[in-house]
Colleague: 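Take a look at this one; I'll ask things after.
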Protein chains: 2
Amino acid sequence: MSSRDRLVQVTARLIREKGMAATGINEIITEAGLPKGSMYHYFPGGKEELVKAALHSYKEWLGQSFKARMKGSSTAEEGLCGIVDFFIHDLTSSDFVAGCPVATVALESAGTSPGVSDGVREVMDHWIAGLCASLQYKGRAGNKNTAIDFITHLEGALVMARIYQSTEPLERLKLKITELLQNDYTTS
Amino acid sequence: MSSRDRLVQVTARLIREKGMAATGINEIITEAGLPKGSMYHYFPGGKEELVKAALHSYKEWLGQSFKARMKGSSTAEEGLCGIVDFFIHDLTSSDFVAGCPVATVALESAGTSPGVSDGVREVMDHWIAGLCASLQYKGRAGNKNTAIDFITHLEGALVMARIYQSTEPLERLKLKITELLQNDYTTS
DNA sequence: TTAAAAATAGACCGGTCTGTCTATTAATCC
DNA sequence: GGATTAATAGACAGACCGGTCTATTTTTAA
């Protein structure tokens, strides 16, 4: 992996674990095994640019994962269920350390860092649009609100899952998927 | 207001706006207009103790508010709707700066600060229990899962609301309250 | 009134923060 | 092969971090 990618990956991981403010430049470069000069070579904008790159990376990675899970499922329900399972696996295999970095950064940056907030919004828009497209691919209406409601509940469940160190909130979300999709047969 | 209370209130506000890690001791005491000695007099445990006190304050404040809204409503639906309205008001009147501090701190501390994580869990337990009791008071079963589902969705909606600087996610939650309560007539 | 306790006040410490700067090495291109 | 650019390397700066410590002032209680 290139030095640039390594910086982005390390940043993404640390942000996922403890947020943006608590993640330091020195920590990032140490874990990436690179000098500070390299970091400012690839990201002249400093920490903010690096965080935005990490968000972008996460946007692509998860967007692809969403699409793959939907395409590999025979129904929309199964697809959404697969997405939740993806997070369940992510949380359990990381001992509930790897949450959704978007939510963390969103809450940290909402009032203080407009540039980062824009990045967060961009990621969310991407996921919603991708989910709509996938739902339509599965013969659903693919209403934007359906995707939004799903992601809203998912974000809430991810918060609760980390609080209680339990996948139960995500399991409960899975139980509600059918209900959530029942209004997605016609356009609104 | 006492010096101690002022410290707690300032801390709670700053944490709500930008999280725990980005909020510094010096910033807190400056805004509270107190010297550092006073802060460590009331909170010998330092930042962690102060954060926990802020969480506790928020727990009580919001717990009371929940109960009041439920008691002042004729139905359970109306009560939950009132709780959502409370957050809508909170967000709009603060220009979407005042989110849910519990979620922010939860995500920041999940893997790094066990003491704070415990505090977060305690707040959440308190809210859930209070909500269950209020639902029973309104003639509902007051299943724990009903309260959990509501709060889960609420937390998700609060994240989305701050991302999009819009109350729409919370308005959408209100539309789902009836559906959410439909399984709370019998115990499970 | 005086002794003890509570609260205020802020200098100070070692460490870390982001970010800048100057070299030096490695790769690329003509 | 020589010049130009990319990348690595890390010393350094100035600010700020959480936290400790010693006074001083205020309040309380005997």
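Computed from heavy atoms alone, side chains included, the values below leave out hydrogens, waters and symmetry copies. Throughout, protein chains are lettered first and strands after them, A, B, ... in sequence-line order, and every chain is numbered starting at 1. Being a predicted model, the structure only gives us computed values, none of them experimental.
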Colleague: With the side chain counted from C-beta on, respond yes when B:Ile83 and B:Leu131 share a heavy-atom pair under 4.5 Å apart, and no when they do not.
Modeller: yes
Colleague: Tell me the interatomic distance from B:Met20, atom CE, to D:dC17, atom P, rounded to whole angstroms.
Modeller: 15 Å
Colleague: Please list, chain by chain and in numerical order, all residues satisfying salt bridge (Lys or Arg N to Asp or Glu O under 4.0 Å) with B:Arg121, sequence neighbours excluded.
Modeller: B:Asp118
Colleague: What residues, two or more places apart in sequence or in another chain, satisfy side chain to side chain donor-acceptor pair (under 3.5 Å) together with B:Glu31?
Modeller: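 Result, side chain to side chain donor-acceptor pair (under 3.5 Å) vs B:Glu31: B:Arg13.
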Colleague: Under the side chain to side chain contact (heavy atoms under 4.5 Å, CB included) rule, collect the residues that match up with B:Phe86, sequence neighbours excluded.
Modeller: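 In terms of side chain to side chain contact (heavy atoms under 4.5 Å, CB included), with neighbours along the sequence ignored, B:Phe86 is linked to B:Trp61, B:Leu62, B:Ser65, B:Arg69.
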Colleague: Between the protein and nucleotides 10-16 of chain D, list every N/O to N/O distance that falls short of 3.5 Å.
Modeller:
| unit_1 | atom_1 | unit_2 | atom_2 | d |
| --- | --- | --- | --- | --- |
| D:dG10 | O6 | A:Gly37 | N | 3.3 |

Colleague: Can you tell me the distance, in whole Å, between the CD1 atom of B:Ile28 and the C1' atom of D:dC17?
Modeller: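 Nearest whole value for this atom pair: 12 Å.
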Colleague: What is the distance from CZ of A:Phe43 to C1' of D:dT8, rounded to the nearest Å?
Modeller: 15 Å
Colleague: C:dT8, OP1 or OP2 - any side-chain N/O from B:Tyr42 closer than 4.0 Å?
Modeller: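 Yes, because at least one side-chain N or O of B:Tyr42 sits under 4.0 Å from OP1 or OP2 of C:dT8.
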Colleague: Please go through A:Val10's hydrophobic cluster and name the other residues, only I, L, V, M, F, W, Y counting, with side-chain heavy atoms under 4.5 Å joining them.
Modeller: A:Leu7, A:Val8, A:Leu14, A:Ile25, A:Ile28, A:Ile29, A:Leu34, A:Met39, A:Tyr40, A:Tyr42, A:Phe43, A:Leu50
Colleague: What is the distance, rounded to the nearest whole Å, between atom CZ of B:Arg4 and atom P of D:dT27?
Modeller: 20 Å
Colleague: I want to verify a distance call: between D:dT8, D:dG18, C:dT18, whose nearest atom is closest to the A:Ser3 side chain?
Modeller: D:dT8
Colleague: Below the 4.0 Å mark, does D:dA6 have OP1 or OP2 next to a side-chain nitrogen or oxygen of A:His41?
Modeller: no
Colleague: Tell me the interatomic distance from A:Leu50, atom CG, to C:dC17, atom P, rounded to whole angstroms.
Modeller: 14 Å
Colleague: Checking contacts here: which listed nucleotide (D:dG19, C:dT18, C:dT8) is nearest the side-chain heavy atoms of A:Ile25?
Modeller: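 Closest nucleotide to the A:Ile25 side chain: C:dT18.
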Colleague: Heavy atoms under 4.0 Å, any strand shown: does A:Ser2 hit a base, just sugar-phosphate, or nothing?
Modeller: nothing
Colleague: How many angstroms lie between NE2 in B:His56 and NE2 in B:His126, if you round to the nearest 0.5 Å?
Modeller: 8.5 Å
Colleague: Could you tell me the separation between the CE atom of B:Met39 and the C1' atom of D:dC17, rounded to a whole number of Å?
Modeller: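 Going from B:Met39 (CE) to D:dC17 (C1'), I get 13 Å.
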Colleague: Can you tell me the distance, in whole Å, between the NZ atom of B:Lys47 and the P atom of D:dG19?
Modeller: 8 Å
Colleague: A:Leu180: what forms a side chain to side chain contact (heavy atoms under 4.5 Å, CB included) with it, not counting sequence neighbours?
Modeller: A:Thr146, A:Asp149, A:Phe150
Colleague: What is the distance, to the nearest angstrom, from the CG atom on B:Leu34 to the C1' atom on C:dA9?
Modeller: 10 Å
